[in-house]
There are 2 protein chains.
Amino acid sequence: MNVRPESNTSSTPPPRPADEGRTQSQRARNLSHVHPADVTLNDALTALADPVRRTIVRELAGGSDWTRACGTFDLPVTKATRSHHFAVLRQAGVIEQRDVGSRRLNRLRRPEFDAAFPGLLDLVLSERRESSHHSNTDRP
Amino acid sequence: MNVRPESNTSSTPPPRPADEGRTQSQRARNLSHVHPADVTLNDALTALADPVRRTIVRELAGGSDWTRACGTFDLPVTKATRSHHFAVLRQAGVIEQRDVGSRRLNRLRRPEFDAAFPGLLDLVLSERRESSHHSNTDRP
DNA sequence: TAAAATGTTCGACGGAGGTCGATCACCATG
DNA sequence: CATGGTGATCGACCTCCGTCGAACATTTTA
């Protein structure tokens, strides 16, 4: 899935009312969101099949909504790559973003995404943090 | 994830008894399986983030175990690519394979995979068959 | 207004992975 | 043994995508 804003190859989904007409900043006008119900399973799986993006999701679930700006995440990539990953998550309906001042705050779209893809976020949030010492409990 | 048999870069997971010592054919000795409990979430998501592989999973769930050979699937790829996709699914713990004569029969590892990744297979099996006419029911 | 902070966008690079034709290995059947 | 069927393997090709530095835009702060 292409994230570039001028990519219009896919058929445009029906528009969805997202903003409540509040005064939004200049940057906020370029913020296009996709509702999880309009996301294909392929795009949802592709978005979550990346360790950096799953880290974002996990950190986001650890705090309250609209409290984490993009720059406050502990990620092993530069801010350019970081921005790319946030865009992918946004276009996949995983997160919602809002501009506050010069910062872009994030929110995990837990209920909507759960309704569209039940159990998928739970798998990500319960993922062992790459500790590699899984216990290997009893099984035939 | 590399599927090539001689790729030994990753740390070898603890061996798991898979065969019950039955007389197996020559080809079956090169058949390495991975239990879903030993599969990372990244590999599971990556394996299912492909439309061809999800088609295999869906067709496999539509029939009984050990009734479908690799060549009997309706896929838009050549047999080389087909073989590759089956290997990816096998290494991700999604399917199990068994050689019978010159054919390789398949089985979806439903209970084991469900135990390791609850709800993930359900999402794939309930996927709208790319019909693109999703109903857009009521939501705020 | 100048400077700093926060993110996005652009172009480029490199690796990973999906795809293919050709070939090989194994099995069944004549 | 020869032939055909089934599937794996190999090498090559090509696209996608994660990554980066640099430049730009917007907002806040000094």
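Order of the sequence lines fixes the chain letters, A, B, ..., with proteins taken first and strands second; residue numbering starts at 1 for each chain.
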Just verifying a value: how many Å separate [X] [atom1] and [Y] [atom2], rounded to the nearest 0.5 Å?
| X | Y | atom1 | atom2 | result |
| --- | --- | --- | --- | --- |
| B:I56 | B:L75 | CD1 | CG | 5.0 Å |
| B:F117 | B:T40 | CZ | OG1 | 6.5 Å |
| A:E112 | A:D38 | CD | CG | 12.0 Å |

Length of the [atom1]-[atom2] vector between [X] and [N], whole Å:
| X | N | atom1 | atom2 | result |
| --- | --- | --- | --- | --- |
| A:R104 | C:dT9 | CZ | C1' | 12 Å |
| B:N106 | D:dG7 | CG | P | 8 Å |
| B:L89 | C:dG17 | CG | P | 14 Å |
| B:Q97 | C:dC26 | CD | C1' | 15 Å |
| A:L105 | C:dA5 | CG | P | 18 Å |
| A:R53 | D:dT19 | CZ | P | 8 Å |
| B:Q91 | C:dG18 | CD | P | 14 Å |
| A:R90 | C:dT9 | CZ | C1' | 13 Å |

Those residues that, when tested against A:H84, pass side-chain contact (heavy atoms from CB on, under 4.5 Å) (two or more places apart):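 Applying side-chain contact (heavy atoms from CB on, under 4.5 Å) to A:H84 gives A:R53, A:V88.
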Determine all donor-acceptor pairs shorter than 3.5 Å in which one atom belongs to a side chain in residues 59-66 of chain A; sequence neighbours excluded.
{"unit_1": "A:E59", "atom_1": "OE1", "unit_2": "A:R68", "atom_2": "NH2", "d": "2.8"}
{"unit_1": "A:E59", "atom_1": "OE2", "unit_2": "A:D74", "atom_2": "N", "d": "3.3"}
{"unit_1": "A:D65", "atom_1": "OD2", "unit_2": "A:R107", "atom_2": "NE", "d": "3.4"}

Heteroatom pairs (N/O) under 3.5 angstrom, protein to nucleotides 28-30 of chain C:
none

Selection: residues 72-86 of chain B, any non-hydrogen atom under 4.0 Å of DNA chain D: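 Those residues are B:K79, B:A80, B:S83.
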For B:S83, all residues meeting side-chain hydrogen bond (donor to acceptor under 3.5 Å, both in side chains), sequence neighbours excluded: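 Listed in chain order: nothing, the list is empty.
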Proximal nucleotide (of C:dT19, C:dT6, D:dG7) relative to the A:R103 side chain: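 The answer is C:dT6, which lies nearest to the side chain.
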N-O pairing of A:E127 and A:R54 below 4.0 Å: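 Between A:R54 and A:E127 there is a salt bridge, with a charged N closer than 4.0 Å to a carboxylate O.
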Beyond-backbone contact of B:R90 with B:V3, side-chain heavy atoms, under 4.5 angstrom: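 SC-SC contact between B:R90 and B:V3 ruled out.
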Listed partners of A:R82 passing salt bridge (charged side-chain N to carboxylate O under 4.0 Å, His left out), at least two apart: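 Once residues adjacent in sequence are excluded, A:R82 has no partner under the salt bridge (charged side-chain N to carboxylate O under 4.0 Å, His left out) criterion.
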